[in-house]
Amino acid sequence: MAAAEEAGAAAEPLFAGLAEVSISEGIPVEGEIAVPLRSGPADEDASTLDEPVRDTIMRDLRAVGKKFAHVAYPKKSSALLRDWDLWGPLILCVLLALMLQGRSADSTEDKGPQFAEVFVIIWFGAVVITLNSKLLGGTISFFQSLCVLGYCILPLTVALLVCRLVLLAYSGTISFIVRLLVVMAMFGWSTLASTAFLADSQPPNRKALVVYPIFLFYFVISWMIFTFAP
Amino acid sequence: MSGPGTAAGAGAPRGGTAAEWGAFEDNMQGGGSAVIDMENMDDTSGSSFEDMGEMHQRMKEEEEVDAEAAAADEEDGEFLGMKGFKGQLGRQVADQMWQAGKRQASKAFNLYANIDILRPYFDVEPMQVRNRLLESMIPMKMINFPQKIAGELYGPLMLVFTLVAILLHGMKTSDTIIREGTLMGTAIGTCFGYWLGVSSFIYFLAYLCNAQITMVQMLSLLGYGLFGHCITLFVTYNIHFHSLFYIFWLGIGGLSTLRMVAVLVSRTVGHTQRLILCGALAALHMLFLLYLHFAYHKVVEGILDTLEGPNIPPFQRVARDIPAVSSAVLNATAKTVALAL
């Protein structure tokens, strides 16, 4: 107690001086002292230590699914940017690479792109686009951009699924035209969706410079999908 | 009331040994504060790289604390004398290793922060890029006064990536099969290798020939020079006419080469120097386009097959010989069996 009093006595002159300096006499001091309570739902604060594993997994899956929905119907929203994750991009990337894989990996006549090639194109491309947008003065963090670019591959994955189904059914001029239309539409969708999410973080006069590498990236992927024949 | 009493009680023995244990306690305190720092570091959510700066700062603080601890160690060693010297040496070595490792780690963090250094080279407007792309096809006949080169890397980098994509397309359509490595790696290696390799080579030559040009300007000049390559290859990979390619090669490739040569000539003094520098650049640039076209082209693939035709018969003959030999062996064995019977 004596020590505390001593400390208080020692501290008092300091703070007293500070108060006199910072607040002038004429202006009344106002403000909220109470700490604002979190307005969000209470369950986010609750401990997740003793919840079943299924709940944890389902919550993450629901978050991923919500982001897929955002890409499928792109509107101005920061949900994709605010809590980023790389699960969706990983799932999409693996799906795309698996479906694009040629029939047999060890035959020399294998014309399809290899798993590693697709994987590297997607991640290397996304990293290059992100670095480019950073260099042009974008205000977006590295993984946020990776997340958006990865999730926006969703339309192209759908395009690949459609292409494979069409190729299974019949091959010919009609299939060629159908595949061309589907891939072009999905390419446009991917590019528009990713620009809608990323454009706000860029300086307005340089949007074209940021969009060009994105365009090139999705163009290469969609071209790979279009030329794929099992 | 009991507080000061116990404090005094604890203080008495402490005072007696303070001289001996002072250094050790300092050391312990240093370690303790470092642990607290680590805990604080775990608190950061790590959701973005913006936290890294803070983390880096913390690491620096920790480094300072460690330096204090090292100083304390030295005192400790002196006190303990010769026996403690070995331990101290070992500890110092371990400390140095730790410091070196930490320096490496902070360097990795710094690499991301160092993006800011490159930012001035990417400071362009879309209109500027468009104008520079157009200008890269227009040679200017102005030799007396050094022509301006923008030290900018956005356009060149994007052109190189475009070239990579076009090359990938050309490789796919020509059914190029690369034994070791992937098409992607080859395309990226070729394009970046040419851009960086030739730029540094010409920069070296320019240094020898006393031309006024910096490395960034050289990269920018050669990068924009690749615009002609992109157009030529994009058209000729899709439309397979040899005459068309040669027209494009001389026309568009020639124009972009002439533009670079004109710029270099205006920045060099002396006829021999100009000849060496521009000859090297023009030859490399034009031959690269020729190589890219013919290395990964559909029609040439057919010609190569016919050229390789004579190479196939020996292979076939070997294949044909094997059954003959085996049948001879079979005959011989049959005969011996027959004789034996």
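The figures here come from the full heavy-atom set of this structure, side chains too, leaving out hydrogens, waters and symmetry mates. Here is how names work: the chains are called A, B, and so on, in the same order as the sequence lines, proteins then strands, and each is numbered from 1. Here the structure is a predicted model, which is why all the values come from computation and not from measurement.
Near-neighbour residues of residues 220-228 of chain B relative to chain A, defined by a heavy atom under 4.5 Å from a heavy atom of that chain, are none. Using a 4.5 Å cut-off between non-hydrogen atoms, the part of residues 152-163 of chain B that approaches chain A consists of B:Tyr154, B:Met158, B:Phe161, B:Thr162.
Contact count against chain B (heavy-atom pairs under 4.5 Å) is highest for A:Leu209 among A:Val220, A:Val120, A:Leu209. Here A:Leu135 is the residue among A:Leu135, A:Val128, A:Thr227 with the most heavy-atom pairs under 4.5 Å with chain B.
In this structure, CZ in A:Phe124 is found 4.5 Å from CD1 in B:Ile188, a value given to the nearest 0.5 Å. Note that CZ of B:Phe122 and CG of A:Asn132 are 6.5 Å apart. Values are rounded to the nearest 0.5 Å.
With a 4.5 Å cut-off on non-hydrogen atoms, A:Leu216 touches chain B through its side chain but not through its backbone. Neither the backbone nor the side chain of A:Phe219 comes within contact range of chain B; no heavy atoms are under 4.5 Å apart.
The two atoms that bring B:Arg119 and A:Lys134 nearest to each other are NH2-O, 2.9 Å, heavy atoms only. Nearest heavy-atom pair, A:Arg206 versus B:Val124, reported as atom, atom and distance to 0.1 Å: NE-O, 3.0 Å.
Remark: B:Phe234 CZ is loosely packed, at most 12 non-hydrogen atoms of other residues, nucleotides or ligands lying under 6.0 Å away. Residue A:Ile174 places its CD1 atom among 12 or fewer non-hydrogen atoms of other residues, nucleotides or ligands, all under 6.0 Å distant. Shown here is B:Met215, whose CE atom has more than 12 heavy atoms of other residues, nucleotides or ligands within 6.0 Å. Heavy atoms from other residues, nucleotides or ligands lying under 6.0 Å from CH2 of A:Trp123 number more than 12. Taking a 6.0 Å sphere around CZ of A:Phe226, one finds it holds more than 12 heavy atoms contributed by other residues, nucleotides or ligands.
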